[in-house]
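As the structure is a computational prediction, the values presented were derived from the model and not from experiment. We count ligands from 1, going down the list as the structure has it; atoms in each ligand are counted the same way. What you see below is based on every heavy atom in this structure, not just the backbone, and it leaves out hydrogens, waters and symmetry mates. Along the sequence shown, the residues carry numbers beginning at 1.
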Amino acid sequence: MRVLVTGGAGYVGSHAAKQLTKSGHQVVILDNLAEGHRPAAGSTPFVSASLLDRERVVAAMSEHKIEAVMHFAAFAYVGVSVKDPAIYYQNNIVGSLALLDAMRGAGIDRIVFSSSCATYGIPERVPITEDHPQHPISPYGFTKLVIEHALADYSHAYGMGYAALRYFNASGAAADGTIGEDHDPETHLIPLLLQVALGQRESVDVFGTDYPTPDGTCIRDYIHVDDLATAHVAALEKLKPGMALKLNLGTGHGASVEEVVTLCREVTGHAIPVRKTARREGDPPALVADPSAAKRELGWQARYSIREIVESAWKWHKAHPKGYND
Ligand code: UFG
């Protein structure tokens, strides 16, 4: 298929674009480079545009005879979304609605949407199944939920086929070491720990050691970005007009902050000092996916372990200590 990948120069989008190409699809990346990195798009055809620039988006769709869209372009800092919700509402909601509008105009009826476990808020139970109530506690999570609702309504009314893929903790880097995680500022646990191992930071704060978990630190379901990418390709290939898929993408296994710290020390051979500090506002004690629906619907399951996640991330960070050269 001819697929437009919005946010294809970003972290998850670039890995999905690479996987799509590998699977024989024709990819065009659309990215405004607000968060993305031009080198992450490699030699894939690239359109530099904002989703709000309707003329350019429609032109890209018609010029490249696009048949389906994978939509990653969004802001994804939970903390920033609390302090400055306006840019999240504008970019993640208004931008996505503009994209859907352009798709309707161009007669494109299939979209794979990058959603988040942040739509669940504080879970009532783990592992989390897709029918778990969605009560996001951050503007970021709410923007993702709004678009899930829009997709459901567009599917019902206009026959749009969609997959809303709710990621748990995306991490790791491409096995060939060519693309990886490069956020500025970095806020995610694994890259922060690896930056200490590279000598770029003194230590990492462990946010809270008094959670109701076995070692007192938060539990997350870390999923390899290449596993996410594979699930996107499987969802795209399954989609038909009017179809609605809402799927968790996780491994089904949780790792605590303390376990991740230990693993990063083992993989890097560096002591990686940490400081135990207070809880970070808005962090649920445990977020773990029940990924069985994705297995049932897509025949997909995560292949990479958390050790392989850390090893691939370490390979990327060692080779690109300053991130992308852009
Ligand atoms: N953590 C620390 N110290 C740090 C950074 C993180 O202890 O310096 C802890 C956090 O408290 C959390 C775990 O490490 O328990 C993972 O934190 P990340 O910031 O790496 O990831 P989050 O779980 O906060 O965020 C992820 C996704 C978001 C999504 C969110 C839903 O990256 O996109 O889950 O809660 F919205």
Within the heavy-atom cut-off of under 4.0 Å, ligand 1 is lined by Val78, Ser116, Cys117, Ala118, Tyr140, Asn169, Thr187, His188, Leu189, Leu192, Val204, Asp205, Val206, Phe207, Cys218, Arg220, Tyr222, Val257, Arg280, Asp283, Leu287

Does Ile137 have any side-chain contact (heavy atoms from CB on, under 4.5 Å) partners at least two apart in sequence or in another chain, and if so, which?
-> Ile122

Tell me yes or no: between the side chains of Asp221 and Thr251, is some donor less than 3.5 Å from an acceptor?
-> yes

Partner set under salt bridge (Lys or Arg N to Asp or Glu O under 4.0 Å) for Arg220, not counting sequence neighbours | Asp283

For Thr277, all residues meeting side-chain contact (heavy atoms from CB on, under 4.5 Å), sequence neighbours excluded = Asp205, Phe207, Arg275

State the CD-CD1 distance between Gln90 and Ile87, to the nearest 0.5 angstrom.
-> 10.0 Å

Between the side chains of His188 and Ser171, is a donor N or O closer than 3.5 angstrom to an acceptor N or O?
-> no

